[in-house]
Amino acid sequence: RKKIVKLIGNSIKNLQGEKIFPEFKSLEIQVERPENKNYGDYTTNIALKISSLLKKNPIKIASIIEKRLSIKKLRIFEKIEVVRPGFINFFLSKEYLQGEILRILEDKKEFGNSKIKKNKKVQIEFISANPTGPLTVGNARGGPFGDVLGNILKRNGWNVKKAYYVNDYGNQILILGHSILKDSQAQYKGEYIDKLSKAVIGKNPKQVGKKGAKIIIKGIQETTQRLGIKYDEWLFESSIYKTGLVEDVLEVLKKRKLTYEKDGATWFKSTKYGDIRDRVLIKSDNSKTYLAGDIAFHQYKFKEGKFDKVINIWGADHYGDVPGLKAGVKALSIQKPFEIILHQFVTFLEKGEKMKMSKRKGKYLTMDELLDQINPDIIRFFFLKTSINTHLNFDLDLAKEQSEKNPVFYIQYAYARICAMLRKCKTQNAKGKNTIQNLKLLEDASELNLIKELIRFPEIIENTAIDYQVQRLPNYALELVSAFHKFYEECRVLTDDKKLAQARLGL
């Protein structure tokens, strides 16, 4: 796609230089993959955009661009055509596709990588559920998303740090202590509270809460590892307070006259930075709010961590907290990109029935319970296949299905087929060098279609690094595997024709 965009752009500049096109403001050249393969492998509507500016026939403009591209006799295209009302369609040549297979084989695991953001640091903070109970399915939805987004950004050259922020300082830890002691102020319930009541010794609710939180955090760390997530950093709210950074930040806001006293509390003038209301930083009982700690934590991220970008992935229930924190970051004169992505809720379905989740009432499905029943590959795929902005209905029955109805099994079946074929054939010589040749023999429609899917991978990675639409990756995997299964059914790989077999093994 990028090559086609560049070719079109250069052609338009040349036409302008020759006075065939007049000078006009630069236009965004969009190149898309049409759903109908009859319209080519890629298509653009640039002629329609230019015609609206010049008030001329779009077909005529498209034809001028097409002729200019065709004159170059580019080996990349088999055909370039103009169709009504003014689209230019591009059909990739088999020679180009065959060459791309060789490039993929040479690049190996580096295929799809980019150095666009080389030496740029980004922190992705995700899950960060309070250490007041086991990790639930609802809490964990942002886990695979943050993990995979981090992997994608790494492929685009970012220096990525994946972080979990532990809120181990504040009222919720005190409530956990009361719950473990099962006194009149207890709020959390469930089997895990019963276990903590037996494991934690003490009478002081605050101390008991801290001890209980440590046990819960250890459990969360084990759960995230089971889910295939490897964090680079576990950061603790209590540590931020110990450094004195919270007090320092509050002092900075005060000096900048961004705080005021009201009803015995200290307020932050967050409306000055686009918030709908001002926010409390210090309550009337002199305790700090979550926001006070969070602003200080983000000062730590950007100043001490020296991150060029910070991405937080939160649950949709934190929607109301977003404006206050963004205002706080702006108030500290932090100019670097700061993004908050909200993931929607998960409804767990079993035999068509919905389960509600609540830590306090003890009615919830833990991530460990789900992992005990379903392979983490399947859980990650199901979590990722739906846009993070969309409510997720997790179908346990489908996830347990061990057939092609389950998309993960459909994908893994393709991988198993490939491994079986490669085991049967030797594709390397005694020196270990790749001897795959004869790629020009790959001419069948299903072979070429599979190559077309393979070469989309760099686009998938680059586009996802820009817009964070991670669901693009599992859906691409399904399309790629569908193309593979069709190739497998229509083209015998282990054929008696050794040259053809070698070419197909390369593919």
Side-chain angles (χ1 to χ4, degrees), residues 1-7 31 33 41-42 74-78 90 92-120 122 147-160 411-412 414-415 417-419 421-423 425-429 431-444 446-467 469-470 472-484 487-488 491 493 499-507:
R1 183 183 279 126
K2 288 178 75 175
K3 288 180 182 178
I4 297 172
V5 169
K6 188 176 180 179
L7 287 167
V31 175
R33 294 178 66 252
D41 299 306
Y42 294 93
L74 300 163
R75 72 173 188 86
I76 190 172
F77 304 119
E78 175 188 324
F90 301 86
L92 298 175
S93 71
K94 63 183 179 182
E95 290 79 15
Y96 173 76
L97 293 170
Q98 291 160 353
E100 287 296 281
I101 283 297
L102 188 60
R103 181 168 73 91
I104 296 172
L105 288 167
E106 289 173 348
D107 286 354
K108 298 182 180 178
K109 291 183 178 180
E110 292 297 308
F111 178 65
N113 286 5
S114 164
K115 300 300 180 185
I116 294 173
K117 295 295 181 179
K118 189 177 181 181
N119 300 323
K120 294 289 186 178
V122 59
D147 193 38
V148 173
L149 179 59
N151 296 341
I152 287 169
L153 292 177
K154 278 183 183 178
R155 278 187 168 266
N156 273 265
W158 284 95
N159 177 1
V160 177
I411 292 168
Q412 291 178 338
Y415 180 69
R417 273 181 160 176
I418 292 167
C419 290
M421 284 188 287
L422 293 178
R423 279 196 299 268
C425 297
K426 293 181 180 179
T427 59
Q428 293 185 325
N429 62 19
K431 293 181 181 178
K433 292 181 180 178
N434 200 310
T435 59
I436 296 168
Q437 300 171 3
N438 309 308
L439 296 175
K440 289 185 177 180
L441 297 176
L442 299 174
E443 298 182 312
D444 188 88
S446 64
E447 293 171 331
L448 298 176
N449 186 55
L450 178 53
I451 300 170
K452 289 173 185 178
E453 288 296 332
L454 288 167
I455 65 174
R456 288 178 59 204
F457 183 63
E459 291 179 12
I460 295 292
I461 296 298
E462 187 171 329
N463 291 340
T464 306
I466 294 169
D467 63 17
Q469 297 299 310
V470 172
R472 187 184 281 120
L473 196 63
N475 286 306
Y476 166 66
L478 283 171
E479 292 168 9
L480 177 62
V481 163
S482 177
F484 168 77
F487 155 73
Y488 182 87
C491 298
V493 176
K499 289 185 178 181
L500 182 58
Q502 193 177 56
R504 287 176 175 170
L505 280 168
L507 177 54

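A salt bridge does not link Arg103 with Glu106: every distance from a Lys NZ or Arg NE/NH1/NH2 to an Asp or Glu carboxylate oxygen is 4.0 Å or more.
Under the side chain to side chain contact (heavy atoms under 4.5 Å, CB included) test applied with Asp41, the options Arg1, Lys452, Arg33, Glu78 reduce to a single match, Lys452.
Atom CG of residue Leu454 and atom CG of residue Leu480 lie 5.5 Å apart, to the nearest 0.5 angstrom. Distance CG/Leu439 to CD/Glu447: 10.5 Å, rounded to 0.5 Å. Between the CZ atom in Arg417 and the CZ atom in Phe487 there is a gap of 11.0 Å [rounded to 0.5 Å]. Note: Ile455 CD1 to Ile104 CD1 = 7.5 Å, rounded to the nearest 0.5 Å. Interatomic distance, CG of Leu441 versus CG of Leu507, reported as 12.0 Å (0.5 Å rounding). To the nearest 0.5 angstrom, Leu500 atom CG is 9.5 Å from Glu443 atom CD.
Contact between Gln98 and Leu442 at its shortest, heavy atoms only, is NE2-O, 3.0 Å. Closest of all the heavy-atom pairs between Asn438 and Ala503 is O-CB, 3.1 Å. Between Asn156 and Ala465, the shortest heavy-atom contact is ND2-CB, 3.4 Å. Residue Phe77 comes nearest to Ser93 through the heavy atom pair C-CB, 3.7 Å, listed as atom of the first residue, atom of the second, then distance. In terms of heavy-atom proximity, Gly150 sits nearest to Val160 at O-CG2, 3.6 Å. In plain terms, the two heavy atoms of Glu453 and Ala483 that are nearest each other are CG-CB, 3.8 Å.
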Could you walk me through whether Val493 and Leu505 pass the side-chain contact (heavy atoms from CB on, under 4.5 Å) test, one step at a time?
CA-CA 7 Å; Val493 176; Leu505 280 168; 3.9 Å; yes
Does the pair Glu479 and Arg456 meet the rule for a side-chain contact (heavy atoms from CB on, under 4.5 Å), with working shown?
CA-CA 11 Å; Glu479 292 168 9; Arg456 288 178 59 204; 2.7 Å; yes
Taking it one step at a time, do Phe90 and Tyr42 satisfy ring pair (Phe, Tyr, Trp, His ring centres under 6.0 Å)?
CA-CA 5 Å; Phe90 301 86; Tyr42 294 93; 8.1 Å; no
Test log, rule side-chain contact (heavy atoms from CB on, under 4.5 Å), inputs Ile451 and Leu92
CA-CA 11 Å; Ile451 300 170; Leu92 298 175; over 6 Å; no
Between Phe457 and Tyr476, is a side-chain contact (heavy atoms from CB on, under 4.5 Å) present by the stated rule, with each step listed?
CA-CA 8 Å; Phe457 183 63; Tyr476 166 66; 3.7 Å; yes
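The number of heavy atoms from other shown groups lying within 6.0 Å of NZ (Lys154) is above 12.
The backbone N or O of Tyr488 lies less than 3.5 Å from no partner atom in the side chain of Arg504, so there is not a single donor-acceptor pair.
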